[in-house]
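A quick write-up on the structure given underneath.
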Amino acid sequence: MFVDRAKIKIKAGDGGNGIVSFHREKYVAAGGPDGGDGGKGGDIIFEVDEGLRTLIDFRYKRKYIAESGQHGGPARRTGRSGRNLVIKVPPGTLIKDAETGRILADMVEPGQRTVVAKGGKGGAGNQHFATSTRQVPNFAKPGDPGEEYMVELELKLIADVGLVGFPNAGKSTILSMVSAARPKIADYPFTTLEPNLGVVRVGEGTSFLMADIPGLIEGAHQGVGLGFDFLRHVERNRLLLHVVDVAGVDGRDPVDDFEKINEELRLYSPKLAERPQVVAANKIDLPQGQENLDRFRDAVEKKGYKVFPISAASNNGVTELMQYIAEQLRELPEAVPLTDAYEEVVYRTEEEEPFTIRKEGNVYIVEGNWIRKVVGSTNFDAYESLQYFQRSLRTKGVIDALENMGINEGDTVRIYDIEFEYMR
Ligand SMILES: Nc1nc2c(ncn2[C@@H]2O[C@H](COP(=O)(O)OP(=O)(O)OP(=O)(O)O)[C@@H](O)[C@H]2O)c(=O)[nH]1
Ligand SMILES: [Mg+2]
């Protein structure tokens, strides 16, 4: 099965907490603070695996979580870092933040590795918090949470040339003649239901990758036929090979066909419509093909396209066409990853909020990953630690947020296990 879209959850590992600990040795009183730092959480890394062709694996496994860092230990021991989690994807996989649509990575080059969610930093142990006035630091810092995303994976195959045209035009026949690919060929529309890739070798050492996609019909942009579903696979192509059944076997006019497909391409993306295009006038072995050829060629050449009369079925004119395409490709720029140039990029406007506050009666409930960790690592019996806690509430904006919600002196604030009366 060909699967070219998937939605998965990825979560990098949390950083381990720093700990509070004091040096202990027989006969030595009041040792200094020696609480170790937490280890870093593992990253989520995507890697291009050339052997993969679809996103089918992601149909079944949808959650990917990297290991968290371990907490620090006594005697300044740093916690072990969490292991990175490597997720393999086929070449051409675009990774987007599902919430904002922002492109996080475009996985193109074989072997390319990109960190998409970073593991949290480990927290500092109390060994770092001793100063001349604070000799007994009773607190340490929690690790940062690992980055977490719902991501959409979208496969846009990487091919130099994309075959476009109406169903039955002969696209798959062409691919089967010039490459080792064996797509299904038949005289009914929509024979091809999923993209096929083939390597086309032209002479010594020259080759390019060609993609055959399901046929388009008028109204594809409104979902007619198979719609635009597969056009994403020609988006990266440097050149389009537009195949037209010049014999009009299905009873349509070839010049009309040519224009309708171009109109559909334009409706899908103006950029795609401007992509260099070579035209194959196919099925010239049929009498009707010969009859229509001159008229078709005139009309299409007038628009500035190069036309190749061919008969794919009898492999006539196909070699010349492939040689011409290879020459054109030499002149055309390499395909660029979509990260920089892509038009759909939506940037995230705000950082994710580190906490949320809701009100129940006169109780203000503060929640969130970050705040939970701060509470978890605060020693509420230790003055210094408490001070650190209060400072954090202020610098991260919790106090301001409470004030904005209209909190009054004496109202209750609840943050997980702790509860206190609000005082200015
Ligand atoms: N006479 C003749 N028939 C051809 C030629 N090329 C293809 N055909 C026939 O046209 C029909 C459709 O060919 P396909 O290659 O399956 O067409 P397609 O464009 O891939 O069609 P879809 O996959 O349905 O979009 C088949 O019956 C082919 O044998 C040709 O040059 N001459
Ligand atoms: Mg086909």
Side-chain angles (χ1 to χ4, degrees), residues 1-2 4 53 157 159 161-200 209-221 223-234 237 239-265 268 272 277-294 296-297 300 307-322 324-325:
M1 203 195 334
F2 185 83
D4 58 5
R53 276 287 175 257
L157 290 176
V161 178
L163 286 156
V164 294
F166 269 87
N168 275 345
K171 302 178 295 297
S172 302
T173 308
I174 293 179
L175 188 71
S176 72
M177 286 292 173
V178 300
S179 75
R182 289 290 163 260
K184 192 168 162 196
I185 294 167
D187 61 355
Y188 53 84
F190 302 115
T191 310
T192 301
L193 293 172
E194 48 189 56
N196 297 299
L197 282 178
V199 178
V200 183
L209 201 57
M210 191 153 81
D212 171 27
I213 63 162
L216 294 169
I217 55 177
E218 190 180 7
H221 71 282
V224 182
L226 294 178
F228 278 165
D229 268 9
F230 295 97
L231 264 184
R232 78 174 64 99
H233 298 296
V234 298
N237 298 162
L239 186 147
L240 300 180
L241 176 52
H242 189 155
V243 186
V244 182
D245 168 6
V246 80
V249 171
D250 289 339
R252 294 179 315 263
D253 178 66
V255 178
D256 240 35
D257 275 10
F258 179 71
E259 269 153 22
K260 282 192 175 130
I261 293 294
N262 278 339
E263 177 62 6
E264 292 299 327
L265 291 179
Y268 177 79
L272 197 57
Q277 214 179 87
V278 177
V279 181
N282 191 28
K283 308 195 186 180
I284 54 159
D285 54 292
L286 299 176
Q288 195 63 41
Q290 284 296 339
E291 208 165 294
N292 289 337
L293 182 59
D294 286 344
F296 177 79
R297 185 157 36 191
V300 173
V307 178
F308 282 81
I310 65 163
S311 167
S314 53
N315 204 358
N316 211 330
V318 179
T319 311
E320 293 79 357
L321 172 58
M322 293 304 130
Y324 177 77
I325 288 174

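Worth knowing before you read on, the calculation uses all heavy atoms, side chains too, and leaves out hydrogens, waters and symmetry mates. Just so you know, ligand 1 is whichever comes first in the structure, and atom 1 is the first atom listed for that ligand.
Considering only heavy atoms from C-beta on, V178 stays 4.5 Å or farther from T319 through its side chain.
Inspection of the N262 and Q277 side chains reveals an N or O donor paired with an N or O acceptor under 3.5 Å. Side-chain atoms of S311 and S314 include a donor-acceptor pair closer than 3.5 Å.
The pair K260-D256 counts as a salt bridge, with a side-chain nitrogen and a carboxylate oxygen less than 4.0 angstrom apart.
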Would I174 and M322 count as a side chain to side chain contact (heavy atoms under 4.5 Å, CB included) if you check the C-alpha gap in whole Å, the side-chain angles of each, and the deciding distance to 0.1 Å?
-> CA-CA 10 Å; I174 293 179; M322 293 304 130; 3.9 Å; yes

I would like to know whether K171 and D212 meet salt bridge (charged side-chain N to carboxylate O under 4.0 Å, His left out); could you show each step before the answer?
-> CA-CA 6 Å; K171 302 178 295 297; D212 171 27; 5.5 Å; no

Might you work through the side chain to side chain contact (heavy atoms under 4.5 Å, CB included) test for L163 and I213, ending with a clear yes or no?
-> CA-CA 7 Å; L163 286 156; I213 63 162; 5.9 Å; no

List the steps, then state whether ring-ring contact (aromatic ring centres under 6.0 Å, His included) holds for Y268 with H221.
-> CA-CA 6 Å; Y268 177 79; H221 71 282; over 10 Å; no

Need the list: ligand 1 N/O atoms against protein N/O atoms, distance under 3.5 Å, rounded to one decimal.
residue, atom, partner, partner atom, Å
ligand 1, 1 (N), D285, OD2, 3.0
ligand 1, 6 (N), N282, ND2, 3.2
ligand 1, 10 (O), K283, NZ, 3.1
ligand 1, 15 (O), S172, N, 3.4
ligand 1, 15 (O), T173, N, 2.8
ligand 1, 15 (O), T173, OG1, 2.5
ligand 1, 16 (O), A186, N, 3.4
ligand 1, 17 (O), G170, N, 3.2
ligand 1, 19 (O), A169, N, 3.2
ligand 1, 19 (O), G170, N, 2.9
ligand 1, 19 (O), K171, N, 2.9
ligand 1, 19 (O), K171, NZ, 2.7
ligand 1, 20 (O), S172, N, 3.0
ligand 1, 20 (O), S172, OG, 2.8
ligand 1, 21 (O), N168, N, 2.8
ligand 1, 23 (O), T192, N, 2.9
ligand 1, 23 (O), T192, OG1, 2.7
ligand 1, 24 (O), F190, N, 2.8
ligand 1, 24 (O), T191, N, 2.9
ligand 1, 25 (O), K171, NZ, 3.0
ligand 1, 25 (O), G215, N, 3.3
ligand 1, 27 (O), D187, N, 3.4
ligand 1, 31 (O), N282, OD1, 3.1
ligand 1, 31 (O), D285, OD1, 3.4
ligand 1, 31 (O), S311, OG, 3.3
ligand 1, 31 (O), A312, N, 2.9
ligand 1, 31 (O), A313, N, 3.1
ligand 1, 32 (N), D285, OD1, 2.8
ligand 1, 32 (N), D285, OD2, 3.4

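Between the side chain of D253 and the backbone N or O of V255, at least one donor-acceptor pair lies under 3.5 Å.
Within the sub-2.8 Å shell of the Mg ion (ligand 2), the protein contributes these N/O/S atoms: S172 OG, T192 OG1.
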